[in-house]
Amino acid sequence: MVNLVIDGQRVDAEEGWTILDAARYYGVEIPTLCHMDGLTPYSACRLCVVEVRRGERSRMVASCSCPVEVGMEVVTKSDRVKKARRMIIELMLATTPNSRTLQCLASEHGVTEVRFRGEDRRCILCGLCIRICDQQMRGGAIGFSQRGVDRTVSLPFHKTPEACRQCGACMYVCPVCELPCPGTLQPGELCNNCLNVVEIDAFPSAK
Amino acid sequence: MAEEQTLSMTEFVSKVVEDNGADRSRLTAILADVQQKYNYLPEQALRDIAEAMEVPLVDIYGVATFYTLFSLVPKGRHVVTVCMGTACHVRNSADLLQELSRELGIEPGQTSRDMSFTLETVNCLGACAMGPVMVVDGKYYGQMTASKVKKVLKPYRAEKVEEEAPSGRLVSAADLEKHRVGVREERYKDSTALALCSGTGCRAAISKEVATALREALRKNDLEDNVILRETGCRGFCERGPILTVKPDNILYQRVSPGDADEIVRETVMNGRVVERLLFEDPETGEKAVHEGEVPFYAKQLRWVLGASAEIDQSEIDDYIGVGGYRALARALFKMQPEQVIDEVDRAGLRGRGGGGFPAASKWRACREARSSDGVKYVLCNADEGDPGAFMDRCLLEGNPHSVLEGMVIGAYAIGANRGFIYVRNEYPLAVEKVTEAIRQAEQKGLLGDDILGSGFSFQVGVSRGGGAFVCGESTALMASIEGRIGEPREKYIHTAVRGLYVRPTNLNNVETWANVPIIINEGPDAYASVGTEGSKGTKIFSLVGKIRNTGLVEVPMGITLREIIYDIGGGVPNGKRFKAVQTGGPSGGCIPESLIDIPVDFDRLYEVGSMMGSGGMIVMDEDTCMVDVARYFLDFLGDESCGKCTPCREGLKHMTSIVDDVTKGRGSKEQLELLRELAEVVKDTSLCGLGQTAANPVLSTMRYFEEEYCEHILEKKCRAGVCKALIQFQIDAEKCTGCGRCAVQCPSNAISGEKKEPHQIDRERCEKCGICYEVCEYDAVVRK
Ligand SMILES: Cc1cc2nc3c(=O)[nH]c(=O)nc-3n(C[C@H](O)[C@H](O)[C@H](O)COP(=O)(O)O)c2cc1C
Ligand code: SF4
Ligand code: SF4
Ligand code: SF4
Ligand code: FES
Ligand code: FES
Ligand code: FES
């Protein structure tokens with residue numbers, strides 16, 4: 001058993017758990033994009049960052065791969081974390097404006113404008129498709145090519161390789177290849193409709 | 001050869017795979033071999049490789065597109081490579097590239113339609129002292145300017161260049177000496193010996209021809225058997241190359257040319273007289289220096305690590321043994337317990353020279369204590385040297401590879417590791433060759449491999465070649481690259497000392513760190529720690545480049561001030577210009593302004609002022625360097641070199657670059673700068689690896705110390721250094737212009753007109769701001785505003 005503190009709450013976690021595992025077990029929400037149970041952690045989107053404090057020192061870690069340690073103090077909603085999350089969502093929206101998932105995240109986390117020059121690349125390079133193809137479907141048909149800003153998910157020589165069985169798993173896991181968010185018209189624009197929805201008390205009797 | 005010609009592609013590929021072994025770790029080597037043969041990587045070849053190696057095609061495609069070394073499209077007959085490294089950048093390599101691109105009619109990365117030329121860029125060739133540097137088919141051209149382009153390209157256009165065998169020079173050096181090696185008695189008697197620098201800088205300055213001429217002169221005088229000619233590694237003073245020292249008196253000659261060979265042999269070698277005109281002359285006092293120590297460049301240096309390079313031939317293990325090499329290894333193996341070795345390194349206070357300055361002993365200890373599933377542990381040497389403008393590791397590996405090997409074997413013994421790799425960047429083919437040769441020699445002598453010196457300890461080491469990716473210097477990316485995968489970092493919550501290469505405990509140190517190890521064992525930890533500051537011990541090698549009089553490699557005691565390095569050793573800024581800043585730490589570091597140059601060279605102090613020690617690049621900037629442009633340069637570099645895995649680094653760098661680029665084009669705003677600061681904070685906080693975490697340093701440090709330059713660009717649309725093209729104009733001062741017409745002839749866009757002997761004018765519409773007129777005018781009549 002590993003004893004640690006998450007958002008002020010003392011909790012016990014199993015040896016080998018990640019911070020994300022522990023947080024989810026105890027019902028603490030941490031947003032993620034490139035993480036999926038059953039696939040190896042990749043820690044690329046950085047949306048799941050949390051602050052880990054040890055005395056005076058504090059650092060930011062990716063909760064989806066950072067293992068729990070005894071005595072760790074995890075803070076999932078500090079200003080530093082919130083600022084980072086908002087910026088990451090904003091950066092992703094600048095390249096993939098019409099993803100419903102991202103638009104929803106924007107509303108949830110209070111991102112109300114995109115201040116960067118936009119494009120429409122329709123992929124956030126989370127690598128879920130590549131990992132599901134390789135690790136669950138035993139396909140190994142798609143992969144990353146190029147690097148830096150030019151990085152893309154691609155088929156070798158842009159031709160469907162024999163290894164692909166057309167199972168569709170890649171499309172299934174993709175947070176971007178889905179029906180686009182219906183509320184937006186132009187790249188760079190934010191829907192934020194859900195922001196307004198939150199204002200309305202949907203279940204008044206529950207209070 | 002003839003036999004190979006007849007092989008089909010599939011046969012050739014299977015032969016290459018067979019020769020290299022089908023192991024995944026050989027993938028980059030296999031791809032390099034195939035590319036060498038076909039000039040690029042044909043699709044069919046990749047399919048064949050996938051089949052032969054039983055690796056998914058998509059993985060091979062990923063690797064082939066990740067590393068800049070590889071090309072999926074055919075290349076031209078001549079490959080022109082322009083260095084875009086920092087040292088070359090501050091000396092205007094951008095203008096050079098623009099001119100080449102115009103001359104050849106192709107953009108960087110393209111091949112001309114007739115397949116004659118391919119134009120490429122590279123981030124540092126490790127010949128920074130000669131900057132700006134370009135390479136055509138492996139031949140180096142130093143001190144290039146836009147106006148020299150036509151002339152350099154001419155012979156290649158005519159297709160009549162005699163081939164320069166890239167490896168010939170090494171073989172001859174080894175061949176010459178091979179039958180005469182042996183013990184110290186033979187090679188280090190008091191007799192006369194010549195030590196000619198054959199480092200990259202001196203090579204560009206024809207040291208090869210000098211060697212041939214010297215050898216010829218010795219032969220003519222029947223001295224070839226009595227006088228040893230050593231071809232050494234870089235002596236640091238590349239600015240004055242080729243450098244030659246004559247033993248036993250240690251007379252130092254500089255700027256030696258082949259024509260001097262006869263006189264040197266006749267006068268100095270045979271009669272012990274000094275050839276005055278080849279001595280170094282102080283440009284200020286006019287005083288001549290006969291010996292190394294009298295030259296100001298060397299006077300304040302402490303050449304613990306580099307010193308031996310001057311005494312030994314690059315490719316002679318016996319020379320290294322002759323000057324005391326491998327003594328430390330024997331001592332460690334037979335007189336010390338592994339823990340004791342670690343303790344000594346600890347007491348010496350050795351910190352990593354690769355950038356971070358992490359205490360070496362702590363890493364060794366962690367790795368020693370880590371458990372390996374099958375007992376295998378690895379010891380690695382980081383010779384990726386991605387920092388543009390730095391070439392220390394290159395010189396060490398080329399000039400004294402055995403000191404690095406010896407350090408590694410000692411480290412492996414201390415850690416309990418039996419296997420290792422030296423990861424050398426692809427841009428350093430000569431270093432790869434020297435190290436490979438050194439390994440072979442050491443194995444033959446029983447200093448490496450099985451049962452070293454009969455001690456029972458075994459250590460195998462191999463060479464792994466990079467593929468042109470800066471990020472591969474990062475420890476986890478380096479390990480992925482050695483394993484034959486994309487050089488992509490991963491999280492290190494579990495340290496590589498516990499789970500590294502092939503999931504085994506692994507210890508990685510930099511080239512220079514390893515070369516320090518034998519010194520500690522030989523001199524003892526206390527003597528070692530007596531040099532330096534509280535937290536930084538020993539010496540540090542810097543490559544002193546940019547706007548400085550004496551460019552080259554310097555090794556200084558820790559604690560020396562930046563001022564001493566720049567002014568006393570480097571001789572200050574040339575051409576009467578004003579010093580502005582010095583950049584250390586490469587793309588992760590920062591710019592230090594004049595007001596702070598009295599701080600000492602010390603890991604912690606440099607960090608405090610917003611820079612870092614880094615691997616040792618030290619780029620001096622003068623009033624003609626624009627600090628906003630420097631920031632944009634580094635952001636651009638990092639954007640290119642980011643692996644693209646994580647969002648903040650990949651996307652953040654793109655937008656940071658675009659914001660700073662706007663500033664250089666006069667389109668910036670204060671609000672955008674605020675956004676930049678906000679973004680920089682998040683990129684630093686959330687990026688996965690060191691590249692992203694430090695990527696904002698160059699821009700933050702320039703904003704911190706040179707805010708007024710940013711403001712000028714934004715508010716006044718002015719670039720005081722005259723670098724940002726969008727903000728400057730070229731004009732001719734009618735008072736000074738003599739009407740010689742030189743500029744008009746050279747102007748590539750025919751923008752200059754005027755009658756002979758009358759003041760000329762520049763047509764602003766046509767002017768492409770290449771700066772050639774500014775460069776060629778002998779009357780300083782062209783002004784940049
Ligand atoms: C992006 C990046 C590039 C790096 N490049 C190099 C390099 O070229 N050479 C090097 O020795 N270390 C480099 N490092 C540092 C290494 O990761 C590692 O810390 C170092 O090799 C450890 O050796 P040392 O402790 O002897 O310095 C780089 C780090 C990062 C994050
Ligand atoms: S295609 Fe979709 S699943 Fe694949 S990396 Fe891009 S966003 Fe992720
Ligand atoms: S910080 Fe940059 S280089 Fe490092 S893993 Fe992320 S994208 Fe790659
Ligand atoms: S080179 Fe100088 S002096 Fe000659 S015409 Fe041009 S501006 Fe005038
Ligand atoms: S979910 Fe952790 S980095 Fe993407
Ligand atoms: S050779 Fe150009 S910067 Fe090093
Ligand atoms: S290459 Fe000769 S002194 Fe540097």
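Chain letters run A, B, ... following the sequence lines, proteins first, then strands; residues in each count from 1.
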Output the option from A62(A), C126(A), P161(A), A94(A) having the highest count of non-hydrogen pairs under 4.5 Å with chain B. A62(A)

NZ (K75(B)) with more than 12 external heavy atoms under 6.0 Å: yes

When the ring planes of F116(A) and H655(B) are compared, do they come out parallel, tilted or perpendicular, using 30° and 60° as the limits? parallel

What part of A50(B) gets closer than 4.5 Å to chain A, counting heavy atoms only: side chain, backbone, both or neither? neither

Relative to chain B, which segment of L33(A) carries a heavy atom at a distance below 4.5 Å: side chain, backbone, both, or neither? neither

Is it the case that atom NZ in K684(B) sees more than 12 heavy atoms from other parts of the structure closer than 6.0 Å? no

Could you give me the CA-CA distance, side-chain angles and deciding distance for L46(B) and F157(A), then say whether side-chain contact (heavy atoms from CB on, under 4.5 Å) is met? CA-CA 10 Å; L46(B) 293 197; F157(A) 302 100; 3.5 Å; yes

What distance separates L91(A) CG from L679(B) CG, expressed to the nearest 0.5 Å? 6.0 Å

Looking at chain A, which one of E651(B), E681(B), R650(B), K645(B) has the largest number of heavy-atom pairs inside 4.5 Å, strictly under? K645(B)

Under the criterion salt bridge (Lys or Arg N to Asp or Glu O under 4.0 Å), which of R85(A), R80(A), R59(A) is the partner of D685(B)? R80(A)

Using non-hydrogen atoms and a 4.5 Å limit, figure out which bit of T68(B) sits close to chain A: side chain, backbone, both or neither. both

Most heavy-atom pairs under 4.5 angstrom with chain B, which of V49(A), V61(A), L155(A), L47(A)? V61(A)

Are F66(B) and S145(A) close enough, and set up right, to give a side-chain contact (heavy atoms from CB on, under 4.5 Å), and what steps lead you there? CA-CA 6 Å; F66(B) 184 87; S145(A) 69; over 6 Å; no

Would you say OH of Y502(B) has more than 12 non-hydrogen atoms from neighbouring residues, nucleotides or ligands within 6.0 angstrom? yes

Is there side-chain contact between E488(B) and R151(A), with at least one heavy-atom pair below 4.5 Å? yes

Contact class of T95(A) relative to chain B, heavy atoms under 4.5 angstrom: side chain

Using the rule given for salt bridge (Lys or Arg N to Asp or Glu O under 4.0 Å), can you reason through E162(A) versus R47(B), listing the C-alpha separation, both sets of side-chain angles and the distance that settles it, and then say yes or no? CA-CA 12 Å; E162(A) 279 162 32; R47(B) 291 185 184 279; over 6 Å; no

I need the residue from A64(B), A469(B), G487(B) with the largest number of non-hydrogen atom pairs under 4.5 Å to chain A. A469(B)

Could you tell me which portion of P56(B) (side chain, backbone, both or neither) has an atom closer than 4.5 angstrom to a non-hydrogen atom of chain A? side chain

Among S43(A), C66(A), C34(A), A163(A), which has the most heavy-atom pairs under 4.5 Å with chain B? C66(A)

Under 4.5 Å from any heavy atom of chain B - which part of V149(A): both

Assess whether a salt bridge exists between R117(A) and D662(B), defined as any Lys/Arg side-chain N lying under 4.0 Å from an Asp/Glu carboxylate O. yes

Kindly check if the number of other-residue, nucleotide or ligand heavy atoms within 6.0 Å of CZ (F358(B)) is above 12? yes

Heavy-atom pair with the smallest gap, counting every atom of T65(B) and Q146(A): OG1-N, 2.9 Å

Rounded to the nearest 0.5 Å, what separation is found between the CD1 atom of I124(A) and the OG1 atom of T647(B)? 7.0 Å

If one checks every heavy atom of A84(A) against chain B at 4.5 Å, the contacting part turns out to be both

Top residue by heavy-atom pair count (under 4.5 Å) with chain B, among G140(A), G143(A), C45(A)? C45(A)

Distance-only polar pair, side chains of Y42(A) and E491(B), donor-acceptor under 3.5 Å: no

Please determine whether a side-chain nitrogen of the Lys or Arg among E43(B) and K159(A) lies less than 4.0 Å from a carboxylate oxygen of the Asp or Glu. yes

Start with the C-alpha gap between I130(A) and V58(B), add the side-chain angles, then the distance that decides, and say whether side-chain contact (heavy atoms from CB on, under 4.5 Å) holds. CA-CA 10 Å; I130(A) 295 169; V58(B) 71; over 6 Å; no

Charged N to carboxylate O under 4.0 angstrom, E674(B) versus R115(A)? no

Name the region of I486(B), side chain, backbone, both or neither, that has any atom closer than 4.5 Å to a heavy atom of chain A. side chain

Report yes if some heavy atom in the side chain of Y493(B) is under 4.5 Å from a heavy atom in the side chain of E69(A); otherwise report no. no

Residue E51(B) excluded, over 12 heavy atoms near CD under 6.0 Å: no

Atom NE2 of residue position H109(A) - does it have more than 12 heavy atoms of other residues, nucleotides or ligands inside 6.0 Å? yes

Answer whether the closest heavy-atom distance between the side chains of E678(B) and M87(A) falls below 4.5 Å. yes

Salt bridge flag under 4.0 Å for residues R147(A) and E641(B): yes

